[in-house]
Structure formats: C-alpha cells, structure tokens
Visitor: 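Below are the structure tokens for one structure; questions will follow.
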Number of protein chains: 2
Amino acid sequence: MRMEKLRATGRFLRYSPKVSVFDRRLSSNSGKSIHSSASGYGNGFGKKCRDDVIRKWNGRACFGLYGYQGKNFRDCMERGVLDDTRRIQHRGFGSLAEKVQRNASFSTLNSDDISHFKGILGEKNVVEDEERLTIANTDWMHKYRGSSKLLLQPRSTEEVSQILKYCNSRNLAVVPQGGNTGLVGGSVPVFDEVVVNMSLMNNVISFDKVSGILVCEAGCILENLITFLDNQGFIMPLDLGAKGSCQIGGNVSTNAGGLRLVRYGSLHGTVLGLEVVLANGDVLDMLGTLRKDNTGYDLKHLFIGSEGSLGIVTKVSILTPPKLFSVNVAFLACQDYFSCQKLLVEAKRKLGEILSAFEFLDSHALDLVLNHLDGVRNPLPPTIHNFYVLIETTGSDETCDREKLEAFLVHAMEGGLISDGAIAQDINQASAFWYIREGVPEALMKAGAVYKYDLSLPVEKMYDLVDEMRTRLGDSANVVGYGHLGDGNLHLNVSTPQYDDKTLAQIEPFVYEWTSAHRGSISAEHGLGLMKANKIFYSKPTATVNLMASIKKMLDPKGILNPYKVLPHSIDSHS
Amino acid sequence: MRMEKLRATGRFLRYSPKVSVFDRRLSSNSGKSIHSSASGYGNGFGKKCRDDVIRKWNGRACFGLYGYQGKNFRDCMERGVLDDTRRIQHRGFGSLAEKVQRNASFSTLNSDDISHFKGILGEKNVVEDEERLTIANTDWMHKYRGSSKLLLQPRSTEEVSQILKYCNSRNLAVVPQGGNTGLVGGSVPVFDEVVVNMSLMNNVISFDKVSGILVCEAGCILENLITFLDNQGFIMPLDLGAKGSCQIGGNVSTNAGGLRLVRYGSLHGTVLGLEVVLANGDVLDMLGTLRKDNTGYDLKHLFIGSEGSLGIVTKVSILTPPKLFSVNVAFLACQDYFSCQKLLVEAKRKLGEILSAFEFLDSHALDLVLNHLDGVRNPLPPTIHNFYVLIETTGSDETCDREKLEAFLVHAMEGGLISDGAIAQDINQASAFWYIREGVPEALMKAGAVYKYDLSLPVEKMYDLVDEMRTRLGDSANVVGYGHLGDGNLHLNVSTPQYDDKTLAQIEPFVYEWTSAHRGSISAEHGLGLMKANKIFYSKPTATVNLMASIKKMLDPKGILNPYKVLPHSIDSHS
C-alpha cells in the first residue's frame, strides 16, 4: 500500500539494492534502482553500525568530516600516503599563518626546573625525548610547529596543580595538550612552552546507570568512553571523526560539536560539572553530578570552549543518553536550496524526536566525491539534482521509526520538496550513504588546492554565501557547499588546481566580512586557537573581547596558559 | 492480544474510565477499575491539553508546582482567599529571614535623580506611585518587603543603559525586576534600591521557522511567548507554573528549570544568545542566533542564573523545539523507591526519545492530596502503595507512542517494577493525573505549617534523606517526598500542625549538611536570592565562591546590581 503511494507521486522513492555500493564488482547495478516492496525492508541496524562505519572510514579515508582522525592520519603521513595532499594543504595554509613574537616575560627552562618536575612526577613522566617532543610540537595538519623542550605527564589533579603552581611562580608558559587533534593550532606550542599532556589521567571515576551521569578524568579518549558506555547501554552525547585520539578534556576545552549536536545539543548543555586547575595551581571543584543546581554563577561554562587558556580541565561530569537501537538513513535529492530548508522544517516536525542528523551537500560536492573517491556510487540515478540531503533517524522502535520515516518521505515527495531518494536497507548501504557525505573533505583534498571555511550562519542565508562566492570567482574555481544543515553549520570550500594569492585575495577577507555582516560565526566548531585569534572581531564586538581579556587577566594574570591563542595578540600582549 | 498480556501478569494495568475523575457525581466508579479493551483507548491529545490543564489549575489552585502562578496568586491574595495559608507560610519562613545591613556606600535618591530619570524615560515611566511601589517592593510569598521609592520602566536597551550608567555614577543601587515570581527574595529590593522593571520591553524581535530560533526582548511574558510559538507550530523549551507572569529575562537570569527540563535540558543548552547591560551601562552584545559558535569564551553563561547581579538581560535568543502532537500520561504505583529508580532507567531506555516527564510522589504526599484537595480521586484502587510515578510521553505519532508506552508498562509489570497503574484516555484524565502530582504543594499548605526544601541529589540517594528525616522527626511531623525524579530534583516537605522552632532546629542545618555531604544542591531551581545567599557554602567550595566574588567585583565594582543577593554577605561586603 505504501509503495502504491510512493508510485502515486509520479516519481520514485527508491529502496537501495541490498548489495553494498562499495563493491565495485557489482557496479552493473550502477544507476539502476530496484523498487523493492515495502515488505522487503531490511531490519533496522543498531548504533554499532555508525561506529563500524567510522572505523572503516578511519582505515581508508584518513579524514573524518568533523575533525581529523588522529592515529590514522598520523599513520598515513608516516607511510607517505598523504604527501601530496599535505604539501598542498600546507601551502594553502601558508599565507594564513600568523606572525607572533615570543612573550619576553616568559622564562626559559633550565636544569633546576627539570629537576623540580622530576621531583613532582618522577623521571618517567618528565619527557625530553626528541622524537616524542617532535610529535607534541606538531599539529595534525603540519601547519604549526613549536619548539618545546619538555613534555610533562601528570597522573593526578594534584600533580597538575603542582606543575602549574611552579610554572606560574617561574613564569614558564604552558600548553595543555589532549589528543592534539585540533585544526587551529590551539594544542601545540608556538615557541618553547612546556607541554602538559593529559594522557595518563584516563580513568573513569564513576557511572550512574540511573541518571546516566559519567564522571571521568580529562585524559580519557573519547572512543574509550563510547565503548565503556556502550557496555552500559548508554552513548556519549558527542561523537567526532577524531574520537580515536581526542580526549574528553580537549573536547570540553574546545566545546567540540560533531555528529550528535543536532540531537543532543552542545557540551554547555550536557556537561554537568568540571574540575579545573587554574594558572596558579588552585583547584576549582565544580564537579557536580546534578542536572539542576542554581546556587550561584555557573562558572564551569567559562572553561567549556576556552581552549585551555583559562585553566586545565582535569575531570569531567557529563550526562549521557541511553543507547537507542533503531537507526535509519535516507539519501535524498532536492531541486533547490529552499527545498532543503523546507525539508529541514518538515523533518523537525514530522520526524520530531527521532531525527538525529540532517546533512546536506550540493551537486558540486557530490561530483567531487564521485570523481575522486574510489568505490563510491550515487545511490540515485544520474539525473543532476542541485542538492542532496542525508537524513538519519535514531529511535527506540524499528517498525514505528521506519514507518514514520517513510510517511515523512512520501509526504515530502508529494509536496515536491524532494525529487528523488533512497532509504538504506542495511548497514552497508547506510555506510555508503554516510560515506558520500563524509567523503567530501577527502575528495576536495584529492582535487587540488583547497581553501576551507567552517562557518555558522542563519540557515536561510547559508547558501547565499556559496552563490556569491561562485559569482565572485567565476570559472577560476570550483566553489563547494556542504555541511550540517540541521545545525546551521556550512563548510564552504573553494577548490582550485593550484594555490595562488590572487584567489585567496578574492576570498578573504570577503568571506569573514560576509559572515560577520550576517551575524554568523567564523568558527562554528573548530575554535580560534592560533590560526583565528586575530580574526575574533569578525564574530565578537570589542566590548565582548575586552571582557574576555579581563577574565583571562583575572584567572591567569601572567598569561602562562596557552599563550598566543584565542585572544587577539594586540589585546593579549597588553593584558 | 495486548490485554491478554496485561492480564497474564496476574495483576492489572488499568485503563481509566472515560469519565472525568474530577466529576464527583460519578464517584460510584471510585475504587473500581474498568478494564477496557485495547481498541477502546482514547485518541492521543495534543500539547494544548497540558496548557489547558495548567490554565485550569491556575484558576482553581493558585499554586503551580514549579513556582507560583503570579496573577492568580495575587488575585487570590487580593480576594483574601489565601489569607490562612499565607499567614502560615509567612510565619514558617519567618525564622529563616536574613538580617542584613544597608550598604552605607550607596547613595540615597534625591529630586535631581528623579528629574534625570524623567529626562531619560519620560514622566510616565518614572513611577513613584505608592500602590505600585508596594507591589514592586513585595515578593510573592510576602516574605520580603523592601522600601524602594522609585520604579523605572525602560522601553529599550538604550534606556536601560542610560539608567545604569547614571546609577553607577551616583552609587544608586538597583534591583532588576521581571515578573517578580521568585521564591528566594531575589527580585525585590531589600532596602531602597531603584527597581528597574522590564515589562515594557516585551517585543518579539524575530522568529526563524527554519531553525526554530526566537529572538525577543527580556520583558516578554513566558506565556505570551508560548502562545506566539504555538501559532508557529513550536514550543518554548521551558514551561513553568508561573508562566502567566514570569518574564523570559527573569527566567534566563534565574536559570529557570520547570516542566520540560527532563526533555529539553537547561537554559544553558537552549539559550543561544543574550544582550546584557552591565552595571556601568555598557551593552554587551552576545545576541547570537547560531547553534554553533566557537569564537572565544561563551560569556553569556555568566548571566544565565546569576540572578541579575552581574548585568540586566535585555534581549534573549533561544532555540525552540517543534510542537509534537501526541501526548500520553500514565499514573503508576511502585512498591519501593528502588523500583521507582529502576523504572526510570527502563523508561529512559524503552520510551527513549518520547519520554517527557517522570515525576514521583510517596504515599504520604498522595494521602495529603486526597485528604485536602476537593475533587481529587486516586485513579487506582485504594490499596496502599508506597510510591506513585507519573510518566508523560510526547511524540509525533499517536499510535506508535501509545503502543510503545503500553509495551513498556507491560514489561515493567511483568518485571515487578510497577504494582498497578492507569493510562489516561483523554484530556480530562490526563489533567486529573497531573493534578494529583501538582496538587501536593497546595495540599501541604492546607494541612498546616510546612517547611519546604528544593534540593538536587543523586537519584540513588534522594529518598534516603526523606527516610532519615522521618526517623529524626518521629511522630511529631509528616515528612513528605515528591518531585522531578527524572531530573534528580526532590521536594522535601515537612508538615506539622503548627510552626515551632524546635522542629526547625531538628531539620536545619541537618538538611543542608546532608545535601552537602552527598554533593547535592541546596537550590535545584529557585536560586539563592537573599534567602540562601549565606547558605552558598553548603553547595559550593570556598575557591569557587571567591571566584564568583572576583567576577562580581570585575563586572560591578560598586556592587550596585541586586545587592545583598546570591553572594554571601561576608564576602559581598568586602568586595
């Protein structure tokens, strides 16, 4: 009956064939869709599917969408696989690099300092080994490289406190470092700052199955927490491409966004408590495990997203949602951006509580993926549509959720919002659909030089910027728009055969000015770090930046915590 | 088939008869349950139901659960209806009142000041009328009464800015006032502070139907926003008993919790931006309308829940969820508290994304409601159960949601978690079920003197405090526990025939010490205000309170904003 309804629309909502679209041997099916009967739907597949998919992508793609998959990216670099892209990427970033002067008020490390740290931490956790320091001094993109001579590995809050107390008294600058997966140069030294690496503080402290509240140390790797919770029947409210390396303390310090934000919101909503060590070594115990607590200023929010410049997060308390087992993924085509927007509104209303992702890409992005990545196939016939939308639902009832999704899609087709579409029938198809969306960054890297912008904009205006950029650049560049439509987060990428300053001058500062004029954010989820510290005024008025500087001054009067980051250098050096 | 399953448990899950349980003429059905067939379920009822219910209760009960329904409460007082309870309440609070000294550094208002304000605001909005000042000087519970001689009604941010700039230069203390529905003396003057009333700043500025983001002025009454959004097909992510009077600026400033927190989280997650005027008149524009913005410290969180002591909120940007139409309510009996806890865990898992309320009350609370409120009937047979749980689901599919709820309840009965239960079949029954839960505060007021505590505690420990209090007080008092189990928020109430200091000494400081020892919060949703400013150390360590004081000092060096509130008076007077 449902299928009749689908056909009655005069167009076809396709059910993908059950073969994996990754499997090129079966590509004779390419471009042909099988109209399976409603009874032929595959069973729902669990959340595990997503994890498997991401693991698979880690192995093959090196790049996740929402950040860079630490270990695998490093593996790739070590094997030389990414040499070309790295070079392009490096050069692309080159013109953007900030020139900063070392703050002369900071001391230089001496042998007494080393002895003192060994007294606190023991020999083993005071690292001077050159190879390990090279890794700690270098960011994932090989864009920034510091010259730190010392990496410290505290095992407890008390040790972090002693380190900072000493550094503060000696005017030694410090860089807190988690998984070092950041993209804005926030997690590596700029000069000779002491690296405080949190990896050894990796214990789960408690988990309350009644409330779903997890308390753990800051050095816990996100993926380990996801696995731990999975065994308890819960999930982390955030999930990132970098989960195999990134740490929860770093996630909190950078207010990481990621895959689940549209459903579970930001860390400002889900983090219930923090323990933080301030620059002077004072320990701030805000490690509440309560959903409601209205006893004074909620100071933990100062440390969520301040990129380690106000204190080092040592423990985190976070509310985790129960794991739901029914997951569905649909890949849809829309004729214009307005239809994508309307579809989002409808999805929020009709899918309501089960909507867990709403991603979009334009035809330029899809073409890149189809042309540059191996084993990717368009699940829809090769008619050119202008936009594609990926919708994921996550709920607690397979039958209901599937019916709800189908009813929504039928309605959307009847209303002309979608031109075509396919629903994944099994885990492989869901993986394939997701891979199209998540493969865009990798395809862009393979296509040549790329200028990347991670912007938040009002959803209604979002694509106007892509159109305007396209007009500005004409035939000289391929302007690509994709991203988390459900979150208002646009990834604007300009792809050219080679990097050149003329193109850059066409893009910047226009892109920042346009974003600023539309009250957007020049950094949706990556933070400011070193890269965008001086760009802050595009997103924040002077009064707000001045207040940030006052707070920095109050909490870290000597400015030893993650210097040269977040705050504009003009202000920072005066503080 | 479902009913067979229900019967197969050997116990009975009841479907309430379709008559309203408010209707006493039909009470011959009382105590007898009708086992309707599965096909006899009433249709789902929309979210409007809840609003209607609350409106109904406003009219009859005067007290909502989550605060006090402003206009109606005042109406009742004016009609003398509540004289008795008010007297009891007043006396009950009497011993808790704080003794404070006026800060001698504040100036006293003179005629030049009045002229200056008239120059800014015009004659009409500079109010010296005694009757209006009496209202502004008095809190809802008639517990606190200030002696302000002046109420100002700004119409714009610019006017608020000019007011504060002047007050700061003249050392005139200020109390920001929204709907004045607070319960901790935070919204009324303590001495002669100038009242800045926000009622005239009540415009909706914009609403984006794509993203669901509402931007409005701080003086908008919550209920008006709810109505506005209802017409757009959206809801506010917070809902309070006081919604008819309270203003969104006050909600933000007190980080109001309320009915929807278990589903949509706190305002720290849903408020996307704020405009705030600082003590010196500077306007802080943080009025972002973006879900993602990682460009520096997220300073708006400082003003959420700081009770107007750091700045006056003038505009709010908030993410609103789409309205969902399928609502179900069940009233259940549990044998012990552990079963309530397990039921919560199961509900989160099995009902997952549609769970919208999980409330509990003990048998003492139910008895009070049955004995003291007119027209209330137990939906279950009069067997004594120790605990009762109210579960509400809100979703987008009536059939699915109902089936999901039933399957969950059948499973819970089979597992022995619930001893009995009823599902509301229509809006009247849902109202009746909610009224039992929300009627507890009113029943307590009617029963005699009442000592009220609003606490957050780890869910597992929550009821231990009630048991311990019962043991401490023996037969001298009726100790009642109820609240938002889903949020870990306990309302502990001690009911005695008359107020006496001996009972109070048995309760306090024990209740605060116990809460503190279990890392609970002495104010889950009401804030500290004047009432609990000196109790802050029960919930926050000294280092955190000191940092709060430093931030207060930085943003409001003369301490003119809402003095004597939030911070302990010892620290505040030194700042």
Side-chain angles (χ1 to χ4, degrees), chain A residues 209-211 255 257 265 268-269 282 284-286 289-299 301-302 305-306 322 324 341 344-345 348-350 352-354 395-397 400 404 456 458-460 487-489 521-528 536 539-541 543-544 547-548 550-551 554 566, chain B residues 209-211 255 257 265 268-269 282 284-286 289-299 301-302 305-306 322 324 341 344-345 348-350 352-354 395-397 400 404 456 458-460 487-489 521-528 536 539-541 543-544 547-548 550-551 554 566:
Chain A
K209 284 189 83 156
V210 176
S211 59
N255 189 29
H268 285 286
D282 281 0
L284 217 53
D285 176 4
M286 307 167 290
T289 52
L290 307 166
R291 283 203 76 171
K292 284 176 164 177
D293 179 18
N294 279 352
T295 54
Y297 313 159
D298 201 344
L299 298 177
H301 294 285
L302 277 179
S306 58
L324 302 176
Q341 269 186 63
L344 173 61
V345 174
K348 283 191 190 172
R349 192 166 311 283
K350 296 276 169 50
E353 67 281 7
I354 64 168
S396 55
D397 188 306
C400 282
K404 204 177 282 184
S456 269
V459 174
E460 289 172 348
D487 304 335
N489 186 180
S521 166
I522 59 156
S523 184
E525 52 186 7
H526 296 166
L528 296 171
I536 192 169
S539 279
K540 280 203 165 35
T544 316
L547 180 51
M548 281 177 57
S550 302
I551 287 172
M554 187 180 77
V566 190
Chain B
K209 283 189 84 156
V210 177
S211 60
N255 188 29
H268 285 286
D282 280 0
L284 217 53
D285 175 4
M286 308 167 291
T289 52
L290 307 166
R291 283 204 75 172
K292 284 175 164 179
D293 179 18
N294 279 352
T295 54
Y297 313 159
D298 201 344
L299 298 176
H301 294 285
L302 277 178
S306 58
L324 302 176
Q341 270 186 63
L344 172 61
V345 174
K348 283 191 189 170
R349 192 165 313 282
K350 297 275 168 52
E353 67 280 8
I354 62 169
S396 55
D397 188 307
C400 283
K404 204 178 282 185
S456 268
V459 174
E460 288 173 348
D487 304 335
N489 186 180
S521 167
I522 59 158
S523 184
E525 52 186 7
H526 295 165
L528 294 170
I536 193 170
S539 279
K540 279 202 165 37
T544 316
L547 180 52
M548 280 175 58
S550 302
I551 287 171
M554 187 179 78
V566 191

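Lettering follows sequence order; numbering is per chain, from 1. These numbers come from the heavy atoms of this one structure, side chains and all, not from hydrogens, waters or symmetry mates. Bear in mind that the values here come from a model prediction, so they are computed numbers and not experimental data.
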Visitor: Say you draw a straight line from OG of A:S550 to CD1 of B:I551; how long is it, rounded to the nearest 0.5 Å?
Guide: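 That separation rounds to 11.0 Å.
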Visitor: Would you say the side chain of B:S396 lies within less than 4.5 Å of the side chain of A:R349, judging by non-hydrogen atoms?
Guide: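 The answer is no, as the side chains (C-beta and beyond) never meet within the 4.5 Å cut-off.
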Visitor: Would you confirm whether B:S456, through its side chain, and A:K292, through its main-chain N or O, come within 3.5 Å as a donor-acceptor pair?
Guide: yes
Visitor: How many angstroms lie between atom CG of A:D298 and atom OG1 of B:T544, to the nearest 0.5 angstrom?
Guide: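 So the gap between those two atoms works out to 11.0 Å.
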Visitor: Looking only at heavy atoms and a cut-off of under 4.5 Å, which of A:V345, A:T289, A:L299, A:D293 has the most pairs with chain B?
Guide: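 The candidate making the most pairs under 4.5 Å is A:D293.
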Visitor: Heavy-atom cut-off 4.5 Å, strictly under: side chain, backbone, both or neither for B:M286 against chain A?
Guide: side chain
Visitor: Count the heavy-atom pairs under 4.5 Å between each of A:V459, A:L302, A:N255 and chain B, then report the option with the highest count.
Guide: A:N255
Visitor: Non-hydrogen atoms of chain A under 4.5 Å away: do they reach the side chain of B:I536, the backbone, both or neither?
Guide: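 Contact with chain A is through the side chain of B:I536 alone.
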Visitor: As an exercise, state the distance from NE2 of A:H301 to NE2 of B:H268, rounded to the nearest 0.5 Å.
Guide: 4.0 Å
Visitor: Answer yes or no: is there an ion pair linking B:D397 with A:K404, defined by an N-O contact shorter than 4.0 Å?
Guide: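 Looking at A:K404 together with B:D397, the answer is no, because their closest N to O distance does not fall below 4.0 Å.
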Visitor: Heavy-atom pairs under 4.5 Å with chain A: which of B:S306, B:G305, B:G488, B:G352 has the most?
Guide: B:S306
Visitor: Is it the backbone or the side chain of B:K348 that comes under 4.5 Å from a heavy atom of chain A, or both, or neither?
Guide: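 Both backbone and side chain.
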Visitor: Quick one: what part of B:D282 sits under 4.5 Å from any heavy atom of chain A, side chain, backbone, both or neither?
Guide: neither
Visitor: Does any backbone or side-chain atom of B:L528 lie under 4.5 Å from a heavy atom of chain A? Answer side chain, backbone, both or neither.
Guide: both
Visitor: So which part of B:P458 gets closer than 4.5 Å to some heavy atom of chain A, the side chain, the backbone, both or neither?
Guide: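 Looking at B:P458, backbone and side chain both touch chain A.
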Visitor: Output, in order, the C-alpha distance, side-chain angles, deciding distance and verdict of side chain to side chain donor-acceptor pair (under 3.5 Å) for B:T295 and A:K540.
Guide: CA-CA 8 Å; B:T295 54; A:K540 280 203 165 35; 3.3 Å; yes
Visitor: Rounded to the nearest 0.5 Å, how far apart are CD1 of B:I522 and CG of A:N294?
Guide: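 Result: 11.0 Å between the selected atoms.
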Visitor: Does any heavy atom of chain A fall under 4.5 Å from the side chain of B:V566, the backbone, both, or neither of them?
Guide: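 Interface part for B:V566: side chain.
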